[in-house]
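The next block holds one structure in the form of structure tokens; read it before the comments.
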Protein chains: 2
Amino acid sequence: MEQILPHLDSVFSIDCVLFGFDGKELKILLIERNEEPFKDWWALPGNIVGPDESLDQSASRILYELTGLRGIFMEQYYAFGDPNRHPQGRVITLAYYALIRLGGDKELRPVSNYAKRANWLPITDLPRLAFDHQKIYDKGLEKIKRRIKHQPIAFELLPEKFTLTQLQHVYELIIGKKLDKRNFRKKILGFGVLKELDEKQKGVSYRAATLYRFDKRKYAKLFGKEISF
Amino acid sequence: MEQILPHLDSVFSIDCVLFGFDGKELKILLIERNEEPFKDWWALPGNIVGPDESLDQSASRILYELTGLRGIFMEQYYAFGDPNRHPQGRVITLAYYALIRLGGDKELRPVSNYAKRANWLPITDLPRLAFDHQKIYDKGLEKIKRRIKHQPIAFELLPEKFTLTQLQHVYELIIGKKLDKRNFRKKILGFGVLKELDEKQKGVSYRAATLYRFDKRKYAKLFGKEISF
DNA sequence: ATATAGTGTGTAATTTTTACACTAAGTAAT
DNA sequence: ATTACTTAGTGTAAAAATTACACACTATAT
């Protein structure tokens, strides 16, 4: 409930964990800060929520400003509001994660002034992060680990047309363990949400794999049924 | 990321969906508003986050002020921040749910001045709610529906000692469908997190059921394994 | 022609899930 | 003490899902 509206000093921001997949590794986008506090540290990209923006809009804007990308899958997952999380005052931050297919590094725009640069860094080898951003990242990874078991979010990290091996690779990276090829295929095809294309992988120096596409319409029909890995 | 700290007009509140179980029904605690906007409407209890409170502390405080209870299981689950959700200005609110065993109505303290009264109302028959509280409630229910399938939260709604039938009842109410008694028992006992007591139910006019207790230590050992209903 | 590297496929054993109905135990009423 | 009533407590067989496991095929590169 909300009654009177006092003028309070709480600042309200959004921080994003942008997960990217380049076909090999899972990476996240970090910026190198150009300002105190934590000048020269790596941090999650984020910003203040504008007065007339919805939260989701604000998250999309932050992502757009950094990458030039629109229409990316993003989800809010937690609010961090410890009174001491920011050395200069109370800042409550909402965490979003996004899932992005990386193809070439053209997605990186010139970054805004508060950062020296932005970089995609593999999650297997992250630097120390500013503020409580390690905690925010950890919780984000945990979230997608759980999500991928029940929702078709893996596709967001892949090009529209992908091979089953690529898909399996994404699952293995996120869940963090190897899966059996035959069982994986049996299961994922069993859900009936993939459309097999008349097209093969190109540019590989071995037998080319069949390409598939995620079929949203078939997925919609599944509604209510549990997907589980 | 957070840079300078501008003085912004955003107000920051917490709203709580307090789920209570009295042995029969699932209820939530609603307050009847005494102030504009939405005077005389039912609303979720909530409040402004204090300047030195953590978010979890703030949620616990709100719950304590309303019910006199401490140590209740609460979890933050979503932030609602549509620019128009509050008619008098921008209010971003964090939603928490809590799970409470109701035993006698002694838990209800005199409520603060912004409310006429507070009442536990069965979720099967809720009034129209103020602001976007219907949406907040809906998302909260959805959340515990998913949660109860993978985490031992049902026990929070029951007395320390409970019968398997009572436990099944809670599952049925939250998940929203009937379960088979034998299969339920087989499965839940199979997890090995219940301790059978040497004690029977009292005060019933039929064969008394065995009482059980949730065993946190055994549960801790399960860590990593999936519980699934 | 041959080496190489990843694709694509089936089955049997095991485990988990589902569906299903009767007897036992305690209380209340007579 | 008999009876009626109400819920507790239990097992099994069939079906479905999961696991473990290995080899032949195909495209390319040399």
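Protein chains get the first letters and strands the later ones, always in sequence-line order, with residue 1 at the start of each.
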What is the ring orientation for A/Phe191 with A/Phe229, classed by angle as parallel under 30°, tilted 30 to 60°, or perpendicular over 60°? perpendicular
When B/Leu126, B/Leu18, B/Ile100, B/Leu141 are each screened for side-chain contact (heavy atoms from CB on, under 4.5 Å) with B/Ile28, the one that passes is B/Leu126
On DNA chain D, more 5' by nearest nucleotide between A/Val204 and B/Ala208 is B/Ala208
note: A/Arg185, atom CZ; D/dA20, atom P; distance rounded to Å ~ 18 Å
_So, under a plain 3.5 Å distance rule, would you say the side chain of A/Arg207 forms a donor-acceptor pair with the base of C/dT7?_
yes
When rounded to whole Å, the CD to C1' distance for the pair A/Gln201 and D/dT26 reads 13 Å
Within residues 162-182 of chain A, the residues having a heavy atom closer than 4.0 Å to DNA chain C are A/Thr165, A/Lys181, A/Arg182
* Would you indicate whether B/Lys116, at its atom NZ, is surrounded by more than 12 heavy atoms from other residues, nucleotides or ligands within a distance under 6.0 Å? => yes
Whichever of B/Asn183 and B/Ser205 has the more 5' nearest nucleotide on DNA chain C, that residue is B/Asn183
Once you measure the plane-to-plane angle for A/His150 and B/His150, does it fall in the parallel (<30°), tilted (30-60°) or perpendicular (>60°) bin?
tilted
Distance col, row B/Leu194:CG vs B/Leu211:CG, nearest 0.5 angstrom, shows 12.0 Å
Whole-Å distance, A/Lys187 NZ to C/dG10 C1', equals 18 Å
A/Leu189 CG to C/dT7 C1', in whole Å, measures 13 Å
In whole angstroms, the gap separating P of D/dA20 from CZ of A/Phe184 amounts to 16 Å
Separation of C/dT16 atom C1' from B/Phe191 atom CZ, nearest Å, is 11 Å
| A/Lys221 side chain to A/Val193 main-chain N or O, any donor-acceptor pair under 3.5 Å? | no
A/Tyr206 OH to D/dA24 C1', in whole Å, measures 19 Å
inquiry  = What I want to check is whether an N or O donor and acceptor connect the side chain of B/Lys186 with the base of C/dT16 at under 3.5 Å.
reply    = no
In short, A/Pro127 meets A/Trp42 closest at the heavy-atom pair CG-CD1, 3.5 Å
note: A/Glu226, atom CD; C/dT17, atom P; distance rounded to Å ~ 13 Å
